[in-house]
Amino acid sequence: MLGCNDSIGDVTVTLESTAGDWYQTEFDTSDGAILVPASGDSGHYTLTIETAAHVVYEGEFYL
């Protein structure tokens, strides 16, 4: 689940992993939260969020 406390407009959300995951969607942050599907397989995951102004936020995690 990916949540947003403040509405910052539409953002592009991308999830990639060494486990083979690749998912991309548009998220209207005024909705509050979305479910980002992931396989849950072991690997290195990168979650990228890009705003309409091309500001990029990136997070990494391992399962």
Side-chain angles (χ1 to χ4, degrees):
M1 168 119 6
L2 176 64
C4 186
N5 293 332
D6 296 316
S7 177
I8 59 169
D10 291 346
V11 297
T12 301
V13 177
T14 306
L15 178 71
E16 298 178 78
S17 78
T18 56
D21 295 88
W22 194 91
Y23 176 77
Q24 188 173 64
T25 191
E26 293 294 315
F27 172 29
D28 179 354
T29 58
S30 67
D31 292 339
I34 60 169
L35 183 60
V36 179
S39 67
D41 293 338
S42 295
H44 175 249
Y45 288 74
T46 303
L47 181 71
T48 306
I49 301 168
E50 184 173 356
T51 69
H54 302 290
V55 176
V56 176
Y57 301 94
E58 187 174 277
E60 300 178 28
F61 59 95
Y62 291 90
L63 288 180

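Counting from 1, the numbers follow the sequence of the chain as shown. Bear in mind that the values here come from a model prediction, so they are computed numbers and not experimental data.
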Quick one: pull up CG in Leu63 and OG in Ser17 and give me the separation to the nearest 0.5 Å. 8.5 Å

Heavy-atom donor-acceptor pair, Asp31 side chain to Ala33 backbone, under 3.5 Å: no

When rounded to the nearest 0.5 Å, the distance separating CG of Asp21 from NE2 of His44 is 12.5 Å

If we check side chain to side chain contact (heavy atoms under 4.5 Å, CB included) with Leu2, which of these qualifies: Leu15, Ile49, Thr25, Val11? Ile49

Treating Thr29 as the side-chain partner and Asp10 as the backbone partner, does any N or O pair qualify as donor plus acceptor under 3.5 Å? no

Is any side-chain heavy atom of Gln24 closer than 4.5 Å to a side-chain heavy atom of Val13? no

If we only count heavy atoms from C-beta on, is the Val36 to Phe27 side-chain gap below 4.5 Å? no

Taking it one step at a time, do Glu58 and Thr46 satisfy side chain to side chain contact (heavy atoms under 4.5 Å, CB included)? CA-CA 7 Å; Glu58 187 174 277; Thr46 303; 3.6 Å; yes

Calculate, to the nearest 0.5 Å, the distance between atoms CG and CD belonging to Leu47 and Glu16 respectively. 10.0 Å

Quick check: closest heavy atoms across Ser30 and Asp28, and the distance to 0.1 Å? OG-OD1, 2.7 Å

Fit a plane to each ring of Tyr45 and Phe61, take the angle between them on a 0 to 90° scale, and name the class: parallel (under 30°), tilted (30 to 60°) or perpendicular (over 60°). parallel

Under a 4.5 Å side-chain heavy-atom rule over Ile, Leu, Val, Met, Phe, Trp and Tyr, are Val56 and Tyr23 clustered together? no

